[in-house]
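Report on the structure given below.
All residue numbers in this chain count up from 1 along the given sequence. Just the heavy atoms: all of them, side chains too, but no hydrogens, waters or symmetry mates, feed the values below.
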Amino acid sequence: MARSADRAPLLGIALDFDSDVPRHRQLYQALRAAVLAGRLAPGTRLPSTRALASELGCARNTVVSAFEQLFAEGYLEGKVGSGTYVSRQLPESLLTAERAPVQGPAPAAEGPPGRLSARGGRLAELGLPRHARPRAFNPGEPELAQFPFDTWARLLQRSWRAPGRERLMHNPPGGDPALRRALAQHLNRVRGLTCTPEQVLVTNGAQQALDLVARLLCDPGDRVWMEEPGYPGLRGALAAAGAQAVPVPLDAAGLSVAAGRRLAPDARLAVVAPSHAYPLGTVMSLSRRLELIDWAAETGGWIVEDDYDSEFRYTGRPLAALAGLDRQDRTIYLGTFSKVLFPSLRVGYLVVPADLAEPMARARRGLDDHPGSTVQPALAAFIEEGHFAQHLRRMRRLYAARQEALLDAGRRHLAGLLELSPDAAGMHLVAGLGPRLAGRASDTACAERALQYGVAAPALSAYYQGVPGREGLLLGYAAVPEPEIDRAARRLARALETLA
């Protein structure tokens with residue numbers, strides 16, 4: 001909070017010395033607003049820059065800079081040092097528009113269409129605002145406090161202490177060669193793929209990766225199989241490419257290929273998460289994987305394998321990727337570091353069949369040239385030097401313990417309200433509505449009431465495109481320390497009791 005001595009009033013103008021907005025910009029905005037609102041009428045003489053600086057308690061250069069901007073835009077006239085005036089030539093239409101009181105939303109205009117295209121309007125509806133939510137039990141959030149930031153900082157510093165010209169100019173469109181090499185080695189060793197670094201394309205997150213695939217492989221109007229329920233964030237990338245998402249139901253073996261053939265026999269893509277479907281956690285069976293591969297080979301379709309959290313499997317051996325089974329080269333593998341490291345890293349990647357690598361790279365160059373290069377060399381070293389594998393092992397142990405803590409808290413506090421079962425993988429559990437809630441409250445009502453009690457527990461029904469086949473709540477545990485899990489479970493129980 002700024003001290004009162006730091007503020008000097010001038011027609012309601014004040015500088016906030018603690019604001020992130022530069023002071024000359026604050027003064028420019030305040031004077032411009034006063035002119036447009038009519039509080040400073042045309043022809044009004046302003047104080048000298050020295051007098052105004054003294055009154056506001058700021059440097060004279062701050063006032064000079066603000067005045068120069070207003071002179072350049074035509075709001076002021078005269079000459080700094082010999083008298084400064086509000087311009088006498090301000091368009092009346094500008095003043096009228098700024099002075100007009102707000103009357104609420106304007107009626108829809110006849111004639112020209114709105115500013116957005118039809119597709120633009122659909123995209124704008126997909127991008128819901130992101131609000132701050134309680135940590136418990138927001139799904140999809142990794143534990144951040146346990147990330148090895150000292151190691152990460154050292155690798156970043158080493159990468160950028162004396163960067164060469166090639167690193168400071170343009171990366172290859174597929175990404176930093178060292179990172180592509182590290183990813184290929186990791187995926188071949190851990191996920192059962194057989195790929196070269198040239199087949200790896202680094203992207204700005206998983207959604208951009210899917211956007212690139214959809215733009216290159218789909219024409220507007222092409223239909224795409226999506227798991228139902230599934231991750232809503234992927235729908236925006238398909239809509240941007242003009243593709244039509246077709247929800248295909250999941251059964252115990254994964255996405256139903258038979259249902260997909262019935263609902264959209266001409267589909268161009270199938271987007272699946274075979275190792276751990278989101279949000280239900282369904283694992284696609286081997287026979288269903290082979291059936292999906294046969295569909296792609298038979299129809300000329302493509303499979304996009306979203307492998308968003310396969311690293312977090314707590315029982316048995318990690319499942320091999322579907323792409324490692326496909327001998328027809330119809331599968332594109334999609335991965336991201338948002339869940340395994342931290343979301344703001346914004347690094348995803350594709351592994352594409354060899355004959356698609358060069359067209360994909362050229363298309364990438366035409367769209368946004370290349371991915372940001374700041375973190376890529378450090379991330380390559382993080383993988384190559386074993387820090388990534390060490391971090392994954394530590395997080396697996398931690399998340400397994402936190403899942404058990406959530407199950408235990410559920411038994412003690414949520415019996416009859418929610419029904420929780422363990423999951424062999426992932427970062428959240430899906431809790432079905434118990435007998436005290438089923439038929440009495442929707443999962444949407446439960447989620448809203450939980451948020452009022454300081455607990456984030458999204459409704460399962462929100463992940464369906466069509467009529468929800470199940471109701472429940474998603475409870476993310478990865479980012480929640482065990483003592484907080486118990487406290488949050490008690491708050492959640494109190495919230496749900498009000499509905500039961």
Side-chain angles (χ1 to χ4, degrees), residues 142 144 147-191 193 195-213 215-216 233 237 305-311 321 323 332-352 354 356-392 395:
L144 302 178
F147 184 76
F149 289 106
D150 289 345
T151 299
W152 182 249
R154 176 172 55 80
L155 295 175
L156 279 173
Q157 184 183 39
R158 189 175 75 193
S159 301
W160 291 97
R161 183 178 292 117
R165 175 179 172 80
E166 68 281 357
R167 183 166 291 170
L168 295 173
M169 294 298 291
H170 298 286
N171 253 342
D176 183 274
L179 179 56
R180 298 168 78 184
R181 182 174 62 249
L183 280 169
Q185 292 172 350
H186 171 76
L187 295 170
N188 291 342
R189 183 176 63 252
V190 176
R191 301 298 295 126
L193 272 66
C195 65
T196 65
E198 290 73 28
Q199 291 174 257
V200 179
L201 281 77
V202 180
T203 62
N204 296 320
Q207 286 168 264
Q208 188 193 55
L210 182 58
D211 176 74
L212 184 62
V213 171
R215 286 174 188 266
L216 264 73
E305 178 178 9
D306 181 10
D307 205 32
Y308 67 97
D309 74 349
S310 63
E311 292 86 356
I332 297 168
Y333 181 93
L334 187 158
T336 176
F337 288 97
S338 293
K339 302 291 190 297
V340 294
L341 297 183
F342 49 90
S344 67
L345 193 63
R346 302 305 302 147
V347 175
Y349 54 91
L350 292 168
V351 179
V352 302
L356 284 184
E358 181 59 26
M360 285 271 188
R362 289 200 305 269
R364 173 64 189 269
R365 174 158 282 162
L367 291 171
D368 70 345
D369 199 21
H370 63 87
S373 59
T374 303
V375 302
Q376 289 188 56
L379 183 54
F382 192 76
I383 297 170
E384 289 176 334
E385 297 177 12
H387 307 297
F388 183 56
Q390 183 181 19
H391 180 63
L392 288 180
M395 291 301 99

Among Ile332, Leu201, Leu193, Leu334, which residue satisfies the side chain to side chain contact (heavy atoms under 4.5 Å, CB included) criterion with Val351? Leu193

ring-ring contact (aromatic ring centres under 6.0 Å, His included) involving Tyr308 - partner list, sequence neighbours excluded: Tyr278

Of all heavy-atom pairs between Tyr349 and Thr336, which one has the smallest distance, and what is that distance? CE2-N, 3.8 Å

Whether Asp309 side chain and Val340 backbone form a donor-acceptor pair below 3.5 Å: no

Rounded to the nearest 0.5 angstrom, the CG-CG distance for Leu156 and Leu379 is 9.5 Å

Please confirm whether Phe147 and Phe382 have ring centers closer than 6.0 angstrom. yes

Is there a side-chain contact between Pro177 and Pro172 (heavy atoms, below 4.5 Å)? yes

Do the charged groups of Asp150 and Arg154 touch, with an N to O distance under 4.0 Å? no

Gln207 side-chain N/O to Gly233 backbone N/O, donor-acceptor pair under 3.5 Å: yes

Tell me every residue that passes side chain to side chain contact (heavy atoms under 4.5 Å, CB included) with Gln208, counting only those two or more places apart in sequence or in another chain. Thr203, Asn204, Arg364, Asp368

Sequence neighbours excluded, which residues qualify as side chain to side chain contact (heavy atoms under 4.5 Å, CB included) partners of Ala363? Leu212, Leu216

For Asp306, give me all partners under side-chain hydrogen bond (donor to acceptor under 3.5 Å, both in side chains), at least two apart in sequence or on another chain. none

Going by the salt bridge (charged side-chain N to carboxylate O under 4.0 Å, His left out) test, which pairs reach into residues 334-348, not counting sequence neighbours? none

Would you name the heavy atoms of Pro142 and Ser338 that are closest together and state the gap between them? CG-O, 3.9 Å

Hey, can you tell me if Phe149 and Phe342 have their rings parallel, tilted or perpendicular (30° and 60° cut-offs)? tilted

Taking only residues at least two apart or on different chains, which pairs with a member in residues 173-187 satisfy side chain to side chain donor-acceptor pair (under 3.5 Å)? none

Closest heavy-atom pair and its distance - Leu345, Leu341: CD2-CD1, 3.7 Å

Does Asp307 have any salt bridge (Lys or Arg N to Asp or Glu O under 4.0 Å) partners at least two apart in sequence or in another chain, and if so, which? Arg191

List the atom of Ala381, the atom of Leu155, and the distance in Å for their closest heavy-atom pair. CB-CD2, 4.0 Å

Would you please test Val375 and Phe337 for side chain to side chain contact (heavy atoms under 4.5 Å, CB included) and show each step? CA-CA 12 Å; Val375 302; Phe337 288 97; over 6 Å; no

Once side chain to side chain donor-acceptor pair (under 3.5 Å) is applied, what residue pairs with a partner in residues 378-392 remain, sequence neighbours excluded? Arg158-Glu385, Glu385-His387, His391-Arg394

Applying side-chain hydrogen bond (donor to acceptor under 3.5 Å, both in side chains), can you list everything that pairs with Ser159, at least two apart in sequence or on another chain? none

For the residue pair Leu144 and Pro343, what are the closest heavy atoms and their distance? CD2-CD, 4.5 Å

Counterpart residues, salt bridge (Lys or Arg N to Asp or Glu O under 4.0 Å), relative to Arg362 (two or more places apart): Glu358

Any residue meeting side chain to side chain contact (heavy atoms under 4.5 Å, CB included) with Thr196, in chain and number order, not counting sequence neighbours: Glu198, Gln199

